[in-house]
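First comes the structure, then the notes that go with it.
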Amino acid sequence: MKVAVFSTKTYDRQFLEAANSPTQHDLVFFEPSLNRDTAILAAGFPCVCVFVHDQVDAPTLEILAAGGTRLLALRCAGFNNVDLATAAKLGVTIVRVPAYSPYGVAEHAAGLILSLNRKIHRAYNRVREGNFSLNGLLGFNLYERTVGIIGTGKIGLILAQIMKGFGCNILAYDVYRHPELEALGGKYVELPELFANADIISLHCPLMPETHHLINSDAIAQMKPGIMIINTSRGALIDTQAVIEGLKSGQIGYLGVDVYEQESELFFEDLSGEIIQDDIFQRLTTFPNVLITGHQAFFTKEALQNIADTTFSNIYDIEQGRPCANEIHIY
Ligand code: NAD
């Protein structure tokens, strides 16, 4: 099948081309992201392949459908960037990669915890400048500290296993109680109890109306002074302005984020020669106790391999008229 691949980086191309050799789809790579201005590039392609920041809204879908696109293959799990109702109306089938790197994301969250606690990001710069002073680098033992995990699905559960290895106590909150978490010795509690007792809080629930700005000024006020907050899930779980106030007052002692509410304007691009206009993001970068990565938690060789293999297997299933387990059905 002819496939137009949008938002292509060199690493995507490398893994997609290698995974395509048995299936021999006709791939054309486009660097720009897909939106209503770039959709015309896909004219004549029955399949379009996109990632997290592509804007597959109604006008974009209408242009794609008019150009002959019948299949949208997402290289990611989330589909909040796709207008599902319009896709259904236009007869565009949607497939996705439901899980590609739960270990990678959980390990990255653990990396943020370790780096922030022991100030490894600051120590790296100091040593390079010949500054071997330890002032300001004081950390704490993770052993016997309490980690609060919000969302204990695939990623949250793996983080619980990792933190158990450090000798931490695990408190958890989820709308569904996973027996595996309790088997590990973790304890489910309601959010106020988790906020009041955790030394570290890590977010692993999906973004939806109920979880939008879950971490707001009210929640922050219930936490232990000096709390460490980690977010590798979705930016809008956190009210960034409220977090900035918490960092200024010292109520928040550490913040580690791999995602940011307005990240589609910034992440995955080299903007090092430009003036960044997002003042909230820029304020975050000024705190010594804030560590930000640009949505790289998923970014492991295993994940890129899994994304490429699953994407082509999804496309092949649809091309052959077979049921595809990763099709998104709209009811
Ligand atoms: P999952 O579906 O396995 O687990 C999500 C858990 O959240 C489930 O146990 C669910 O019951 C729970 N949940 C649902 N609503 C909730 C609520 N209101 N409050 C608390 N918990 C709730 O998902 P996963 O694979 O573990 O992924 C978790 C999140 O990680 C995803 O939603 C995605 O946003 C994010 N993610 C980030 C990256 C990255 O690179 N940073 C990569 C993949 C996934």
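Order of appearance sets the numbers: ligands from 1, and atoms from 1 within every ligand.
Residue Cys205 holds the heavy atom nearest to atom 22 (C) of ligand 1 of all those in Cys205, Ala172, Gly78. Summarising the contacts of atom 24 (P) of ligand 1 with Ile155, Thr293, Leu237, the nearest heavy atom is found in Ile155. Looking at Asn80, Val105, Val52, Val175 and measuring to atom 16 (C) of ligand 1, the nearest heavy atom belongs to Val175.
What sits closest to atom 23 (O) of ligand 1 on the protein, heavy atoms only, is Lys154 NZ, 4.2 Å. Summary of contacts: the protein heavy atom closest to atom 15 (N) of ligand 1 is Met208 CE, 2.8 Å. Protein heavy atom closest to atom 29 (C) of ligand 1, with residue, atom name and distance, is Ser233 OG, 3.2 Å.
For the residue pair Asp12/Thr8, the side-chain donor-acceptor check at 3.5 Å is not satisfied. Residues Thr311 and Asn314 bring no donor and acceptor atom of their side chains to less than 3.5 Å of each other. Using modelled atom types and a 3.5 Å distance limit, the side chains of Tyr188 and Thr152 yield a donor-acceptor pair.
Side-chain rings of His178 and Tyr176 approach one another, their centers coming within less than 6.0 Å.
Remark: side-chain polar atoms of Thr60 are paired, donor with acceptor, to backbone N or O of Gln55 under 3.5 angstrom. Checked by atom type and distance alone, the side chain of His121 never pairs as donor or acceptor with a backbone atom of Leu112 at under 3.5 Å. Judged by distance alone, with hydrogens and angles left aside, the side-chain atoms of Ser7 form no donor-acceptor pair with the main-chain N or O of Val50 at under 3.5 Å.
Residue Tyr100 has no nitrogen or oxygen atom sitting less than 3.5 Å from a nitrogen or oxygen atom of ligand 1, judged on distance alone. When only interatomic distances are considered, the shortest N/O to N/O separation between Thr232 and ligand 1 falls below 3.5 Å. Polar contact check, Ile150 against ligand 1: no nitrogen or oxygen pair lies under 3.5 Å apart. Residue Glu210 has no N or O atom closer than 3.5 Å to an N or O atom of ligand 1.
Neither the backbone nor the side chain of Gln296 comes within contact range of ligand 1; no heavy atom lies under 4.0 Å. Residue Leu214 does not touch ligand 1, judged by heavy-atom distances below 4.0 Å. The part of Thr211 lying near ligand 1 is the side chain, judged by heavy-atom distances below 4.0 Å.
Atoms of ligand 1 lying under 4.0 Å from any heavy atom of His295, numbered from 1 in the order shown and given with element: 39 (C), 40 (O), 41 (N). Short contacts between ligand 1 and Asp258, defined as distances under 4.0 Å to a heavy atom of the residue, involve ligand atoms 39 (C), 40 (O), 41 (N).
When every heavy atom of Gly136 is checked against every heavy atom of Arg122, the shortest pair comes out as O-NH1, 3.5 Å.
Using a cutoff of 4.0 Å between basic side-chain nitrogens and carboxylate oxygens, Asp317 and Arg322 are scored as salt-bridged.
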*Show your working on side chain to side chain donor-acceptor pair (under 3.5 Å) between Arg283 and Thr286 and close with a plain yes or no.*
CA-CA 5 Å; Arg283 180 69 178 100; Thr286 66; 2.4 Å; yes
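Ligand 1 lies nowhere less than 4.0 angstrom from a heavy atom belonging to His108. For His178, the heavy-atom gap to ligand 1 drops under 4.0 angstrom.
Rounding to the nearest 0.5 Å places CZ of Phe281 at 4.0 Å from CD1 of Ile292.
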